[in-house]
Amino acid sequence: MGKPKETPFFYGGQAVIEGVMMRGKDSYCVAVRNPQGEIESRMGVITTSGAAAALGKIPVVRGVVRMGSSMMTGMKVLKDSAEISGMETEENPSKFDMWLERKFGDNLVKYIMALSLVISLTISVLLFMALPTWLSGFLAPMLQGNLWALGIIEGIVRLCIFIVYLVLIAQMKDIKRVFMNHGAEHKVINCHEAGEELTVNNARLYSRLHRRCGTSFLLSVMIISMIFFLFVRTDVLWLRVASRILFVPFIAGISYEVIRWAGMSKSPIVRAVSFPGMMLQKITTAEPDDSQLETAIAALEGLMANEAANEIVEATDVADH
């Protein structure tokens, strides 16, 4: 029997403050411009428990596991990027800051990260799941019990809120810089996946859009939730809101499988499915300048060099035994 076909591994990434994070199988590298204009890189390890690793092999469930891991890693690299770029520098900390430092010591950052993650998740679920359901509920009497129509309207409201949210935050100066770094991340990954040498001139030629982007994932969540909730119907408002919240992990898992499939296939069907997400990326990405491409290249090259070094160490350990 032949060897089982291995699923190809694709690098992912994230735009951060004045830089880019590139993520591999077990590690990541974040490269950021410091106040002096130099690129600083930091490596990090993606820790996964035995249970999470086992669950990460189950379709749909692995999407939830990967999303949780990505969010935790994202919080860490945002902190790193803020430190390197100089945004965390505070010459005169407040009394409250000093009290927190004394109270929690070295664990303060972990607690702040956990709290920020909980708050972000809560706001996202309320804004994009609960709010559209509540708003569409005002139309229920006009629809005379037509729950199919109500479900479609709810999905459209959810999609409109999402797009308006992206358009509004894209107007913020700092977010525009992050979206440019997002574009740099995509260009560099596209360049690498095309087999080209990682140079600014080469990366500049590639698209700032990518089928495996998180923006496409979020749009997939919106569309799949619209379809899914057409079959989870009730005219009781609080039950509708509760169901939207409870089924978020399942919908996220399905969306992950769709994006994963889209990232590995080049069929016309996949291009059609990916098209809405690619168009939405025109909001969440912008054309980067050369310095941002340099930073994204530094992140990916740093990650690949670290992975190569780890493979040599692992091979040596095996040989020694």
Side-chain angles (χ1 to χ4, degrees), residues 1-14 21-29 44-77 113-114 117-118 120-122 124-125 128-130 151 155 158 162 189 193 210-233 241-267 269-274 276-278 303 307 310-311 314:
M1 294 179 63
K3 293 183 179 179
K5 185 178 180 181
E6 292 186 3
T7 302
F9 176 77
F10 298 105
Y11 289 107
Q14 174 184 330
M21 179 271 283
M22 292 293 186
R23 174 177 175 144
K25 290 182 179 179
D26 305 306
S27 60
Y28 65 85
C29 178
V45 176
I46 302 171
T47 55
T48 305
S49 66
L55 291 173
K57 298 177 182 179
I58 304 173
V60 180
V61 176
R62 62 189 172 194
V64 180
V65 174
R66 182 64 185 264
M67 183 176 67
S69 174
S70 295
M71 292 184 72
M72 291 302 297
T73 302
M75 295 297 293
K76 292 177 184 177
V77 300
M113 286 172 57
L117 185 59
V118 170
S120 299
L121 281 172
T122 301
S124 297
V125 170
F128 300 121
M129 287 297 172
R158 179 175 293 113
F162 178 57
I189 288 181
E193 291 180 349
H210 198 287
R211 284 184 295 180
R212 295 195 310 274
C213 175
T215 304
S216 295
F217 169 77
L218 292 175
L219 181 61
S220 177
V221 168
M222 301 294 160
I223 295 174
I224 290 173
S225 66
M226 180 190 298
I227 298 170
F228 179 79
F229 288 129
L230 287 176
F231 301 94
V232 182
R233 296 175 292 166
V241 172
S243 68
R244 275 43 176 176
I245 295 173
L246 290 174
F247 280 108
V248 165
F250 175 74
I251 293 171
I254 294 292
S255 301
Y256 173 80
E257 298 300 327
V258 171
I259 296 300
R260 187 171 181 268
W261 167 65
M264 293 191 295
S265 175
K266 296 181 180 179
S267 73
I269 295 176
V270 167
R271 285 199 294 269
V273 171
S274 303
M278 299 284 278
L303 174 61
E307 288 186 335
N310 287 339
E311 286 179 3
E314 289 175 3

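Excluded from the calculations below are hydrogen atoms, water molecules and symmetry mates; all remaining heavy atoms, backbone and side chain alike, are included. In this text the structure is predicted, and so the values were computed from the model without any measurement.
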Could you state the interatomic distance from [atom1] ([X]) to [atom2] ([Y]), rounded to the nearest 0.5 Å?
X	Y	atom1	atom2	value
His210	Glu193	NE2	CD	4.0 Å
Ile223	Ile254	CD1	CD1	14.5 Å
Met129	Ile251	CE	CD1	5.0 Å
Phe228	Leu230	CZ	CG	10.5 Å

- prompt: Counting distance only, does the side-chain N/O of Arg212 pair as donor-acceptor with the main-chain N or O of Tyr11 below 3.5 Å?
  reply: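 Such a contact is found between Arg212 side chain and Tyr11 backbone.
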Looking at every non-hydrogen atom in both residues, tell me the closest pair between [X] and [Y] and how far apart they are.
X	Y	answer
Ile224	Ser255	CD1-OG, 3.5 Å
Leu218	Phe162	CB-CZ, 3.6 Å
Gly13	Ile189	N-CD1, 4.3 Å
Ile46	Lys25	CD1-O, 4.5 Å
Ala130	Ile245	CB-CD1, 4.5 Å

Side-chain heavy atoms of [X] within contact of [Y], under 4.5 Å:
X	Y	answer
Pro59	Glu257	yes
Tyr28	Met21	yes
Ser216	Arg211	no

message: Against the six-membered ring of Tyr256, is Arg62 placed for a cation-pi contact (under 6.0 Å from the centre, within 45° of the normal)?
response: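 No, Arg62 and Tyr256 do not form such a contact.
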field: Parallel, tilted or perpendicular, as decided by the 30° and 60° cut-offs, for the rings of Phe229 and Phe247
entry: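 Geometry flag for Phe229 against Phe247: perpendicular rings.
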- request: Output all residues satisfying side chain to side chain donor-acceptor pair (under 3.5 Å) with Ser70, sequence neighbours left out; order by chain, then residue number.
  value: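 Result, side chain to side chain donor-acceptor pair (under 3.5 Å) vs Ser70: Arg23.
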